[in-house]
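See below for the structure under consideration.
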Protein chains: 2
Amino acid sequence: MDEATLSQRILDAYDDLTRRERNLADLLLEDPDTLVLKSATDLSAQAGVSKATTARFFQRLGYPTYKTAQKIARSDEAGGAAPKLPARAAQRKAGRGDLAEHLANDVQNLVRSIEALRSDELARAIQSMAHAEKLWVVGFGDNYPLAHFARALLIRIKADVRMIPIGGFSVPEEFASIQPTDAMLALGIGRKTRSLRSIMRSAVHSGAQVIYLTDQASRGGPDVAHVTLRCRTRGISVYESVAAPVSLITYLCSALALKLGATAIDRLQFIENIHDEWGDLVPGDL
Amino acid sequence: MDEATLSQRILDAYDDLTRRERNLADLLLEDPDTLVLKSATDLSAQAGVSKATTARFFQRLGYPTYKTAQKIARSDEAGGAAPKLPARAAQRKAGRGDLAEHLANDVQNLVRSIEALRSDELARAIQSMAHAEKLWVVGFGDNYPLAHFARALLIRIKADVRMIPIGGFSVPEEFASIQPTDAMLALGIGRKTRSLRSIMRSAVHSGAQVIYLTDQASRGGPDVAHVTLRCRTRGISVYESVAAPVSLITYLCSALALKLGATAIDRLQFIENIHDEWGDLVPGDL
DNA sequence: CAATGAAATTTCAAAAATGCATCATTTATT
DNA sequence: AATAAATGATGCATTTTTGAAATTTCATTG
């Protein structure tokens with residue numbers, strides 16, 4: 001197996017590609033399956049490029065012909081399609097194509113996750129957050145950075161966004177302020193703690209709306225959450241991939257901003273002004 | 001002031017650029033000051049491109065001539081250096097295809113970011129981190145969650161990973177422990193603070209290796225960082241997209257884990273065991 | 001096993017891109 | 001102020017890129 005993978009080859013050759021070839025390259029990087037599934041003619045059409053260009057493209061990549069490339073891709077797909085043991089002692093040398101694999105994996109996680117989301121559930125989640133008086137963001141352990149991230153987005157458009165756990169404060173005392181008019185965004189990617197479960201249960205019990213963002217290995221259910229949103233988090237190497245959760249959180253927050261409308265925009269603007277007045281560095285400058 | 005900034009124009013036109021023009025584009029994105037400081041002839045030489053190409057490049061970008069572009073850049077630099085309103089009021093309606101758009105945007109950010117990364121720089125970054133005695137992760141403001149995230153990954157494979165800012169501790173006192181044998185991962189996505197710049201400068205000065213992870217609007221340079229890694233962060237709506245930075249951080253850390261080899265694996269395993277013993281995990285279960 | 005037809009490749013001429021050389025303008029020097 | 005030097009724009013010749021059409025390949029069928 002000295003043959004490089006498609007994505008690897010593309011990345012290696014990227015700087016030498018012409019404009020139209022780059023169209024093809026981007027398309028294939030975003031969805032490597034295209035090579036396996038589609039014909040060269042289709043691919044050309046999709047990229048808005050002539051068939052001639054497609055043929056030349058694959059030759060430049062080092063394949064003798066398109067068909068050859070497709071054949072190789074197919075056999076690869078069939079052969080060792082699942083090099084997927086996350087915790088396996090990684091044998092792969094930290095060479096170049098590693099990056100291509102990582103990219104392909106994250107793109108796939110992203111696409112598959114979003115595809116699988118049900119729009120009515122999303123709508124309900126956004127609705128809940130929009131109507132909530134207070135927002136709670138919960139993330140223990142590995143989810144703590146994610147929670148922090150989510151809160152950073154939310155606090156720009158909502159006035160009262162609380163985080164759990166926080167500082168070194170005792171969780172129950174903080175949590176006691178929860179009300180039926182509140183909504184909670186609970187993050188449960190990867191390892192879940194008992195505290196998470198407890199809090200979610202209590203929140204549901206208190207009458208607050210609970211949105212649970214988790215991975216595919218998780219149960220969910222009406223006793224812990226009103227809406228459960230699942231993301232793919234499969235990682236290639238030692239770590240899970242959080243590209244999909246992060247993207248989803250960002251989406252949720254911007255959808256929420258749009259729903260809130262003027263209120264949110266004003267708040268954003270206000271915050272912006274404060275930053276300016278305080279003389280934080282301008283964007284771009286270092 | 002309805003004129004877009006140079007970086008913005010480049011990004012907008014990026015797909016229409018030819019090969020040589022992209023050389024110029026990449027150069028200018030990495031260091032926008034070039035336009036202000038250098039002559040078109042120098043710029044051409046540096047990009048390995050003829051002067052004619054440079055002239056035409058600026059015309060394609062919408063400037064009448066190179067001189068005009070330079071003039072505008074200079075006045076921007078002097079005047080109110082912030083022509084870039086991050087909080088542009090989003091007019092788009094919260095329709096359905098929104099999600100698809102969001103996804104497409106994030107995927108593109110991901111792919112384009114990875115394409116643009118230079119593998120030798122990546123290698124250097126990983127090398128630095130691997131050899132470092134202590135690792136420092138720096139992230140102010142919006143970058144704080146990202147820093148937290150990075151640290152969460154790193155602490156599983158390296159014994160001494162410090163974060164700045166932390167808790168409510170005074171930064172200089174913490175930072176004082178830095179040594180020439182250390183490495184620093186500095187995060188500068190979006191708004192950069194003075195503190196960030198100061199810390200990076202001091203770190204470089206102290207002899208530590210500094211890796212700067214930022215967006216495309218940023219300058220970078222040897223006085224603040226040894227390696228600068230750029231990500232696309234364009235967002236569709238009110239927020240920037242951090243899919244690419246998150247993905248890159250994950251990649252860096254797993255590459256680092258691989259490079260460290262057994263040491264890292266052992267540590268991971270050890271942590272896993274502790275989690276098990278403490279019984280705080282309910283894998284999959286909630 | 002030839003005929004068939006869809007699909008991929010190659011050919012070739014048009015279009016685009018690029019660099020060289022030249023020209024116009026600005027800037028520096030005496 | 002006159003002249004030299006430098007810089008950027010532009011015309012033109014050459015090279016590269018590109019798509020339409022012709023040709024070839026290849027699997028399938030009669």
Side-chain angles (χ1 to χ4, degrees), chain A residues 3 6 9-10 12-28 31-78, chain B residues 3 6 9-10 12-29 31-78 115:
Chain A
E3 292 300 346
L6 174 71
R9 290 190 189 215
I10 294 180
D12 283 345
Y14 201 80
D15 287 335
D16 299 330
L17 298 181
T18 69
R19 221 175 335 164
R20 303 308 161 100
E21 286 174 340
R22 271 172 218 239
N23 292 352
L24 287 164
D26 288 337
L27 208 73
L28 288 167
D31 182 9
D33 284 346
T34 304
L35 173 57
V36 175
L37 301 173
K38 298 214 166 184
S39 72
T41 306
D42 284 351
L43 174 59
S44 309
Q46 200 178 334
V49 154
S50 78
K51 294 186 289 176
T53 303
T54 304
R56 279 187 295 254
F57 172 68
F58 280 91
Q59 285 167 7
R60 187 187 300 237
L61 250 40
Y63 299 103
T65 75
Y66 177 86
K67 279 188 185 273
T68 316
Q70 198 173 47
K71 213 159 288 178
I72 292 174
R74 281 187 174 143
S75 68
D76 278 2
E77 186 116 325
Chain B
E3 293 301 347
L6 174 72
R9 288 189 190 215
I10 294 180
D12 283 346
Y14 205 78
D15 288 333
D16 299 330
L17 298 182
T18 69
R19 209 145 20 132
R20 304 311 163 107
E21 286 175 338
R22 268 176 221 240
N23 291 353
L24 287 164
D26 290 339
L27 209 71
L28 288 167
L29 283 175
D31 183 6
D33 285 346
T34 304
L35 174 57
V36 175
L37 301 173
K38 296 212 168 185
S39 71
T41 306
D42 283 353
L43 174 58
S44 309
Q46 199 180 335
V49 156
S50 76
K51 293 188 289 176
T53 304
T54 303
R56 281 185 292 253
F57 171 69
F58 280 91
Q59 285 168 8
R60 189 190 297 247
L61 250 39
Y63 299 103
T65 78
Y66 177 86
K67 278 184 185 278
T68 317
Q70 199 173 46
K71 212 159 290 180
I72 292 175
R74 282 187 174 145
S75 68
D76 277 3
E77 186 118 323
E115 278 169 1

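Lettering of chains follows the sequences in order, A, B, ..., and the numbering in each one begins at 1. Predicted, not measured: the structure shown is a model, and the values here were computed from it.
- When rounded to the nearest whole Å, the span between CZ of F57(A) and C1' of dG19(D) equals 17 Å.
- Counting only distance, with no hydrogens or angles, the side chain of Q70(A) and the backbone of K38(A) share a donor-acceptor pair below 3.5 Å.
- As rounded to whole Å, 12 Å separates atom C1' of dT18(D) from atom CG of L24(A).
- Rounding to whole angstrom units, CG of residue L43(B) and C1' of dA9(D) are separated by 15 Å.
- The distance from atom CZ of R20(A) to atom P of dA15(C) is 14 Å, rounded to the nearest whole Å.
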Between the protein and nucleotides 4-10 of chain C, list every N/O to N/O distance that falls short of 3.5 Å.
from    : atom 1 : to     : atom 2 : distance (Å)
dA8(C)  : OP1    : A40(A) : N      : 3.1
dA8(C)  : OP2    : A40(A) : N      : 3.4
dA8(C)  : OP2    : T41(A) : N      : 3.3
dA8(C)  : OP2    : T41(A) : OG1    : 2.9
dT9(C)  : OP1    : T65(A) : OG1    : 3.4
dT9(C)  : OP1    : Y66(A) : N      : 2.5
dT10(C) : OP2    : Q59(A) : NE2    : 2.7

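- The distance from atom OG1 of T68(A) to atom CD1 of I72(A), rounded to the nearest 0.5 Å, is 6.5 Å.
- Here the CD1-CG distance, from I10(A) to L28(A), works out to 4.5 Å after rounding to the nearest 0.5 Å.
- With rounding to the nearest 0.5 angstrom, the CZ atom of R22(B) is 9.0 Å from the OG1 atom of T18(A).
- Checking the phosphate oxygens (OP1, OP2) of dT16(D), no side-chain nitrogen or oxygen of T18(A) falls inside 4.0 Å.
- The distance between atom NZ of K71(B) and atom C1' of dT26(C), rounded to the nearest whole Å, is 10 Å.
- Under the ring-ring contact (aromatic ring centres under 6.0 Å, His included) criterion, F57(A) pairs with no residue at all, not counting sequence neighbours.
- Atom CZ of R60(B) is separated from atom P of dA16(C) by 11 Å (rounded to the nearest Å).
- Using the six-membered ring where Trp is involved, F58(A) and Y63(A) have ring planes that are tilted, between 30° and 60° apart.
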